[in-house]
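All values below were derived from every heavy atom in this structure, side-chain atoms included, with hydrogens, water molecules and symmetry-related copies excluded.
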Amino acid sequence: MVRNERTLDADNSITDETELARAIEENEAELAELLQLLTAAEELAADLTPELRETVRENREPIRELRMAFEREETLILLQKVGEESDTLVELLDILAASKDLSDDLVPELRVAIRENREVIERVRLAVERDETLVLIEKLGDNVDTLAELLDLLDATYDLAMDLTPELRDVARDNRNVIRELRMAAAGFADAHDDADVDMYELGRNAGNMVALVETMGNPTFTDAVDATIDGFTRDPEPVGPVGLVTALFDADVRRALGRLLAAARALGSASLEESDRRDR
């Protein structure tokens, strides 16, 4: 009998039929179990084949649509993105699961809170549904930039006020007497106003006229004229007779002085007339 030898690899694997027979004998139980599983699988396949054929025949159209759906480019891109973001998807699913558990825990509490605050919620809903509230919300939306700037300004103003408060307290403490005297002066002014029945408009006009008069009196031309007049009155004058008076009229300085006196007299008369007319009206 010819001996059939079969060499595989150099890693101490089976090299001849004797070793193969020995391996089969050593694993006889496992081989028998494997053959039984193969026989059962064959019988199960024989039983399922008609059913599978009938199922495939009845669902041929949905299977084709499913295959076409998977072969679409959008589906492939979606599967690719899902594969690339698998870790994020797993984290998102974990978050959703945690959120569901949290929602399940909170739902009973929320139901109790809504039941206990039903009237308050109803009032809030009615307030929000008012036209004025809707207009206010719309205006806030239109002026959101201005509102943000105003909030920033208020924040800065609050910080400034907090910084200045100690300084203001010190100033108020140091000037307590002055503030009290100013308050008393204001109270006295109010009492005098009530007693005299002062017309505030006329008081304002008079104050304006006083300011204008002070401004005029501060004019260098006016002060120079007053200084010259005072200087003329303080000098020791020489006696002047009728001839000297007529002769003085030919002096340019005397004529200018007389012109100023006449202009002042004319202005004084005009002002007196206007005041009389105003009182008559």
- Begin from the C-alpha positions of V90 and D94 and carry the test side chain to side chain contact (heavy atoms under 4.5 Å, CB included) through to its verdict. CA-CA 6 Å; V90 171; D94 293 337; 3.9 Å; yes
Rounded to the nearest 0.5 Å, how far does [atom2] of [Y] lie from [atom1] of [X]?
{"X": "N143", "Y": "E138", "atom1": "CG", "atom2": "CD", "result": "10.5 Å"}
{"X": "L153", "Y": "L160", "atom1": "CG", "atom2": "CG", "result": "10.0 Å"}
{"X": "E91", "Y": "D87", "atom1": "CD", "atom2": "CG", "result": "7.0 Å"}
{"X": "I95", "Y": "T88", "atom1": "CD1", "atom2": "OG1", "result": "9.5 Å"}

Minimal non-hydrogen separation, [X] against [Y], with atom names:
{"X": "N117", "Y": "A113", "result": "ND2-O, 2.7 Å"}
{"X": "D163", "Y": "P166", "result": "O-CD, 3.4 Å"}
{"X": "A23", "Y": "N27", "result": "O-ND2, 2.8 Å"}

Could you tell me whether [X] and [Y] have a side-chain N and a carboxylate O separated by less than 4.0 Å?
{"X": "D170", "Y": "R173", "result": "yes"}
{"X": "E54", "Y": "R57", "result": "yes"}
{"X": "R125", "Y": "E122", "result": "yes"}

- Item | Test item: K139 and V135 side chains (from C-beta on) under 4.5 Å apart, heavy atoms | yes
- Query: If only atom types and distance count, is the side chain of D155 paired as donor or acceptor with the main-chain N or O of L151 below 3.5 Å?
  - Reply: no
- Message: If we ignore hydrogens and angles and just use 3.5 Å, is the side chain of T55 paired with the main-chain N or O of E51 as donor and acceptor?
- Response: yes
- Task: Quick one: do I137 and T133 satisfy side chain to side chain contact (heavy atoms under 4.5 Å, CB included)? Show the steps, please.
- Result: CA-CA 6 Å; I137 294 174; T133 306; 4.0 Å; yes
